[in-house]
Protein chains: 2
Amino acid sequence: MGPAAAKPARHTNLTDVARRAGVSSMTVSRALRRPESVSEDTRRRVERAVAALGYVPNNIAGGLRSRRSRTIACVIPTIASPVFANVVQGLTDVLYGHDYRVVLGTSNYSEAEEQRVTAGLLAHRPEAVVLPAGDHRRELGRLLKRVGVPVVEIWERLENPVDMNVGFSNRDVGAAVVTHLVERGARRIAFVGMGADEHARARARREAYAETVARLLDQKPIVFDAPFTIDGGRAALARILRDDPAIDAVFCVGDLPAVGVLLEAHEAGCAVPQRLMVAGFGDHEFGRQIRPGLTTVRVPERRIGQIAAEMIVGRLGDHDTGPRAIDVGFEVIPRDSTARTQADDSG
Amino acid sequence: MGPAAAKPARHTNLTDVARRAGVSSMTVSRALRRPESVSEDTRRRVERAVAALGYVPNNIAGGLRSRRSRTIACVIPTIASPVFANVVQGLTDVLYGHDYRVVLGTSNYSEAEEQRVTAGLLAHRPEAVVLPAGDHRRELGRLLKRVGVPVVEIWERLENPVDMNVGFSNRDVGAAVVTHLVERGARRIAFVGMGADEHARARARREAYAETVARLLDQKPIVFDAPFTIDGGRAALARILRDDPAIDAVFCVGDLPAVGVLLEAHEAGCAVPQRLMVAGFGDHEFGRQIRPGLTTVRVPERRIGQIAAEMIVGRLGDHDTGPRAIDVGFEVIPRDSTARTQADDSG
DNA sequence: ATGAAAGCGCTAACAC
DNA sequence: GTGTTAGCGCTTTCAT
C-alpha cells in the first residue's frame with residue numbers, strides 16, 4: 001500500500017482491562033471465556049472494566065495462540081443464486097449460534113477461481129471449509145487434504161467425498177420424477193435438457209430419466225436440448241409437438257424451461273395436464289404462481305447448510321461421532337401440471 | 001470445548017520455508033509480499049521452498065502484527081433475499097480483486113441481533129464494516145464510532161450517514177413512478193402499501209407518492225393496504241375496483257403485490273393498461289415474464305455492493321480521496337402494464 | 001538486499 | 001481461583 005494508508009488505531013486490550021479491574025490479564029481472559037471459572041467478585045469487576053473501556057476482544061490474537069480462528073470458509077459459485085444463498089443462510093443460522101463466523105468466497109463457476117479463492121481463504125486458517133460437491137480440480141483436493149482442514153462437500157451426494165458430505169442424489173430425482181409421471185398416467189415421456197451446457201447434476205437427472213423410462217415404459221430416451229431459459233422451454237415444446245405428438249409428458253431439467261413449456265402449451269392450445277403433463281426441478285417461485293401450477297422437485301437448500309454446519313460443529317467440538325455423509329433427500333411437489341386423473345387419461 | 005476437541009495441526013510456517021530456502025524468515029516474508037524487493041536468486045529459492053513444503057501463509061499471524069486483517073465485515077438481514085445476495089456478490093466481486101475477504105453476518109431483520117452479530121464480527125478486526133442503512137440501534141452507531149472502523153451504510157441514501165453511504169432515494173422512486181404514470185395518462189392513482197408492516201423505505205415511497213399526486217394531479221392520496229404478497233395484491237385490486245372505479249392507475253409498494261394486481265385485473269376483465277395501469281418496485285423476475293410485462297423500478301443492487309467495496313478500498317489504500325456518499329439512482333423500467341397510448345386514453 | 005530483535009494481543013501450560 | 005511465563009507466526013523496525 002501507499003504512504004497514506006490508514007494506520008488502524010490501537011484498541012483497548014486485555015491488559016488495559018486487567019489494569020482497570022486490578023487483576024492479571026489472564027484472569028480477564030478467563031472471566032470472559034468461562035465466567036464460572038473465576039470468583040463472583042472478580043467477574044463483576046472485570047465486567048465493569050470491560051464496559052467502562054468499551055473493550056472489544058481480539059479474536060485474531062486469541063486465535064493465533066489457540067489455533068482456533070472460529071471461522072468457517074465457504075466457497076460457492078455465486079451468492080446471486082437462490083440455491084447457494086439459501087445454503088449459506090442455513091450455514092450462518094447454525095454457525096453463529098456456536099460462535100463461528102463465515103468467510104465467503106465466490107468462484108463464479110470457474111474451477112481455477114475456486115482453487116485460487118479457496119487457497120486465499122485458507123490463509124485465514126478456517127476451522128473448516130464448505131464447498132459444493134463437484135468437479136473441483138485435483139489440486140484443490142490435494143491442498144485441502146494437506147492442510148488437513150475438515151471439508152464438507154454440499155449439494156450433491158457423493159460416492160467418494162473428500163471428507164464430509166451433505167446433499168441429495170440427482171439420480172434419485174430423475175427416477176422419482178419419471179415414476180411420478182408414470183403413476184399419473186404418462187406413456188411417452190420426453191426430457192428437455194441443456195445440451196452442451198449440461199453439468200454433472202443435469203447429466204445425473206437425464207441418465208436416471210433414461211433408465212427409468214426404459215424400466216417402467218420400455219421406452220427409449222427422447223431428449224430435446226434447449227437453452228436453460230423460459231424461451232428455451234418454449235422452443236423445445238414447439239419441436240416436441242411437431243416431431244413426436246405422441247409424447248404425453250415432459251420432464252424438464254429445470255423449472256425455467258418447464259415454465260416455458262407451460263406457456264407454449266397454453267398458446268398452442270395443448271391442454272396441461274390432460275393432453276400433456278409437465279414437471280421441472282428446483283421449485284422456482286415462478287412455478288408456484290403460474291397456472292396450472294408446475295409440478296417440481298424441491299431440495300431442502302437451507303437444511304443442507306444447517307446440516308453442514310452441524311457436522312462441522314460436531315467435528316470441531318467434543319462430540320465427533322456424527323455421520324460423515326448425509327442424504328437429505330428431496331421432495332416431488334405435485335401440482336396441477338401433472339394432476340391427470342384416470343378420466344383425463346382415458347380421453 | 002470438551003476432551004476430544006480436534007487439536008488443529010501445526011502448519012508449515014515461514015521459518016520452515018526459510019530454513020529450506022537457506023535464508024531468514026524475514027527474507028521469505030519479503031519475497032512473498034514484494035517479490036521485487038529481493039534478489040532474483042532469492043526469490044526463486046523461496047518459491048521453490050514454498051512449493052516443496054506446500055506452505056500456506058498465515059494471515060492471522062501477519063494481521064496481528066500489522067493490524068491489517070484483510071477482512072471486511074458485512075451484516076445484512078438475510079442472505080436469502082436476492083436484494084442482499086446481489087449486494088454481497090457485488091462486494092465480493094471487487095474486494096477479492098484487492099485481496100480482501102468478506103465475513104458475513106445476518107441479523108434476521110432484528111436490530112438486537114444486528115447489534116450482537118456486528119459486535120461479534122468486530123472481534124475479528126475487520127478493516128471496514130458494511131451494513132444496510134436503517135434503523136440500527138444508537139448503541140451500534142456508538143460502538144462503530146468508538147472502534148473507529150470505516151463503515152459503509154448501503155441501500156438507502158442517508159441524510160446523516162455514520163460514515164460512508166451508497167444507495168438511492170426511495171422518495172425519488174415514489175416521485176419518478178408517479179410522474180411516469182401521469183405522463184402515460186393516469187388521472188387518478190392509488191397506492192398499494194403494506195399497512196402496519198411498513199418500513200422506512202416503504203414509507204418514503206408512499207410519502208413521495210402522496211406529494212407527487214398532490215402536485216401533479218391535485219389529488220389526495222388513496223392508499224390500500226395489503227399483505228406484501230401476490231394474494232395481497234389481488235385482494236387490494238378487488239377492493240379498488242369496488243370502492244373507487246375511477247382509479248386508472250395503481251402504484252404498488254413492491255412487485256409481488258403488483259403481480260397480484262395484474263393477475264386479478266386479468267380475471268376481473270379489467271384491461272391493463274387501457275383501463276388500468278400498474279407499476280411496482282424491485283424488478284422481480286416475475287414481472288419480466290408475466291403478460292403484460294410489469295412496469296417497475298430497478299435498483300442496481302450489485303452495483304451498490306461494488307461501489308461500497310470501491311469506497312472501502314480507496315479509504316484503506318492510499319487514495320482516500322473519493323466521495324463519502326454516492327447516490328446510485330435507479331431506473332424506471334417501462335413495460336406493457338403502463339404502455340398506454342393517447343388512443344387508449346381517449347377511449 | 002538481508003538479517004536480528006522485538007512484539008502484536010492473546011491463551012496454553014504450569015505454578016501456587 | 002489466580003498469576004507467571006512463554007510463545008502462536010508473522011511483520012515492524014532498525015541495523016548492516
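Basis for what follows: all heavy atoms, side chains included, without hydrogens, waters or symmetry-related copies. Quick note on labels: first sequence line is chain A, next is B, and so on, each numbered from 1.
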Here the distance between atom P of C:dA1 and atom CZ of B:R45, to the nearest Å, is 16 Å
Using only side-chain N and O atoms of B:R33, determine if any of them is under 4.0 Å from OP1 or OP2 of D:dT12.
yes
Whether the B:S29 and B:R33 side chains hold a donor-acceptor pair (N or O, under 3.5 Å, no angle test) is what I'd like checked.
yes
Taken to the nearest whole Å, CG/A:D16 to C1'/C:dC8 is 13 Å
When rounded to whole Å, the CZ to C1' distance for the pair A:R34 and D:dG1 reads 11 Å
Rounded to whole Å, CG of A:N13 lies from C1' of C:dC8 at a distance of 10 Å
To the nearest angstrom, the CG-P distance between B:N58 and D:dG7 comes to 18 Å
Just checking, A:R70 and A:Y100: is the charged tip under 6.0 Å from the six-membered ring centre and within 45° of the axis?
yes
In whole angstroms, the gap separating P of C:dC8 from CG of A:N59 amounts to 19 Å
Contacts of B:L14 and A:S24 projected onto DNA chain D by closest heavy atom; the upstream (5') one is A:S24
- Item | Any A:Y55 side-chain nitrogen or oxygen under 4.0 Å from OP1 or OP2 of C:dC10 | yes
message = Can you see if the side chain of B:R67 gets near the phosphate of C:dG9 - specifically, an N or O under 4.0 Å from OP1 or OP2?
response = yes
Rounded to whole Å, the CG-P distance (A:L32 to C:dA12) equals 14 Å
| query | So, B:N59 versus A:R125: side-chain donor-acceptor pair below 3.5 Å or not? | reply | no
Assert: residue with more 5' nearest nucleotide on DNA chain C, out of B:T42 and A:T15, is B:T42
Would you say A:E127 and A:T71 are linked by a side-chain donor-acceptor pair, where the criterion is simply a distance under 3.5 Å?
no
The nucleotide from C:dC8, C:dT11, C:dG3 with an atom nearest the side chain of B:M26 is C:dG3
Presence of B:T27 side-chain N/O under 4.0 Å of C:dG3 phosphate oxygens OP1/OP2
yes
Separation of C:dC10 atom P from B:L64 atom CG, nearest Å, is 9 Å
Working for salt bridge (charged side-chain N to carboxylate O under 4.0 Å, His left out), residues B:R315 and B:D163: CA-CA 11 Å; B:R315 175 83 91 85; B:D163 183 4; 2.5 Å; yes
ask   = Does A:S29 have a side-chain nitrogen or oxygen under 4.0 Å from the phosphate oxygens OP1 or OP2 of C:dC10?
value = no
Sorted by position of nearest nucleotide on DNA chain C, 5' first, the leading residue of A:T12 and B:S39 is B:S39
**Asked** Between the side-chain atoms of A:R30 and the base atoms of D:dG3, is any donor-acceptor pair under 3.5 Å?
**Response** yes
